[in-house]
Protein chains: 2
Amino acid sequence: MTTRPRRADSLRHTDPVDVRLQEALDALADPVRRSILRTLAGEPDFTCACGTFDLPVSKATASHHFAVLRAAGLLEQIDQGSRRLNRLRRVEFDARFPGLLPLVLDEDEPTG
Amino acid sequence: MTTRPRRADSLRHTDPVDVRLQEALDALADPVRRSILRTLAGEPDFTCACGTFDLPVSKATASHHFAVLRAAGLLEQIDQGSRRLNRLRRVEFDARFPGLLPLVLDEDEPTG
DNA sequence: TGCGATGTACGATAGCCATCGAACAGCCTG
DNA sequence: CAGGCTGTTCGATGGCTATCGTACATCGCA
């Protein structure tokens, strides 16, 4: 009935409203994930595919990190062909946890 | 030469200014530690000894958690006899990481 | 001086999670 | 359709850390 592609089955989004502080902190406690968020913050919405990030981990691990960030209400993803484009949920997440995301985005140290 | 008691040797404080976001998030990612902070926030400064907290862990583990919080610039401790009294470094920590501590203190769920 | 209370230090253990390679699936282009 | 690209899933592994019991140190008090 639905015309939605099979690929989207792995795209469960979590509304930031439903995210607990524990999950948010767990998600943000990883330096690789924070670097993903910072990169995303510097680009327009839905212009970064997962594979375009320069990360010090394998693509399997990177995929895991994107899933964690999505589950924590930190990003929205849409499929475009074989690519998965990302958007930082800046406003919604900041409404749920005021000030938390800015701390991450303003972090001056890139290495982690 | 110094008249400082031996006991204070285990009291290295970290100025919140010198704390990195990574350490802060690691410290706050533990539910036991967050419950310590919330308890502390509800009492006057330097009125809670470490042993007075009702925690679901052994005293050895509790001591470890207090050390982590102190190292993250989240609390100040002073010795009073055989007791160690605590103060939440609310203002200093909030100056370093604006908004972060309030998120923890306003956390409505006690279980973690 | 001896005892109980408070808290730290140490060594061991267990569970969690970041990580990886390999296999798999969808998508696009030649 | 074949091959390459993008991304997920799976099982295994290693490291980190929360946890504990025990031993130890310090302090106040009888």
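In the text below, chain A, chain B and the rest are named by the order of the sequence lines, each starting its count at 1.
Regarding A:Leu55, its CG atom lies at a distance of 11 Å from the P atom of D:dG7, rounded to whole Å. Residue B:Arg70 contributes atom CZ, which lies 12 Å from atom P of C:dG7 at whole-angstrom precision. If you take CG of A:Asp79 and C1' of C:dA25, they are 12 Å apart, rounded to a whole angstrom. In this structure, the CZ atom of B:Arg12 is 14 Å from the P atom of C:dT8, given to the nearest Å. Distance, A:Leu11 CG to C:dC27 P: 12 Å, rounded to whole Å. If you measure from atom CD1 of A:Ile78 to atom P of C:dC27, you get 14 Å, rounded to the nearest angstrom. Here the P atom of nucleotide C:dT6 and the CZ atom of B:Phe66 are 13 Å apart, to the nearest Å. Atom CD in B:Gln80 sits roughly 11 Å away from atom P in C:dG7 (whole-Å rounding).
Between A:Leu69 and A:Asn86 the shortest side-chain heavy-atom distance does not fall below 4.5 Å. Within the 4.5 Å cutoff, no side-chain heavy atoms of B:Leu55 are placed close to those of B:His65.
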- After noting the C-alpha distance and the side-chain angles of B:Leu28 and B:Leu74, does the key distance pass the side-chain contact (heavy atoms from CB on, under 4.5 Å) rule? CA-CA 9 Å; B:Leu28 297 177; B:Leu74 276 157; 3.6 Å; yes
- Message: If you apply the rule side-chain contact (heavy atoms from CB on, under 4.5 Å), what do you find for A:Leu105 with A:Leu88, and how did you get there?
- Response: CA-CA 11 Å; A:Leu105 301 184; A:Leu88 185 59; 4.1 Å; yes
- Task: Would you sort out whether B:Arg89 and B:Glu76 count as a salt bridge (charged side-chain N to carboxylate O under 4.0 Å, His left out), showing the intermediate values?
- Result: CA-CA 7 Å; B:Arg89 303 183 76 166; B:Glu76 180 186 357; 5.1 Å; no
- Note on the structure: B/S/- along nucleotides 12-21 of chain C (protein heavy atoms under 4.0 Å) is ------SBBB
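Scanning for side-chain contact (heavy atoms from CB on, under 4.5 Å) contacts around B:Ala95 gives an empty result, with sequence neighbours left out.
The backbone N or O of A:Ser35 sits less than 3.5 Å from a side-chain atom of A:Thr39, completing a donor-acceptor pair.
Residues A:Arg12 and A:Arg70 approach most closely at O-NE, 3.4 Å, considering heavy atoms.
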- Task: Return one dot-bracket line describing DNA chain C 5' to 3' (Watson-Crick or G-U wobble pairs, both distances under 3.5 Å; ( ) same strand, [ ] crossing, | another strand, . none).
- Result: ||||||||||||||||||||||||||||||
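Taken from CZ in B:Arg84 to CG in B:Leu11, the straight-line distance is 3.5 Å, to the nearest 0.5 Å.
Within the 4.0 Å cut-off from OP1 or OP2 of C:dG26, not a single side-chain nitrogen or oxygen of A:Arg83 is found. Between B:Ser63 and C:dT8 there is a side-chain polar atom (N or O) within less than 4.0 angstrom of OP1 or OP2.
If you check every strand for non-hydrogen atoms under 4.0 Å, A:Ala49 touches sugar and phosphate atoms only.
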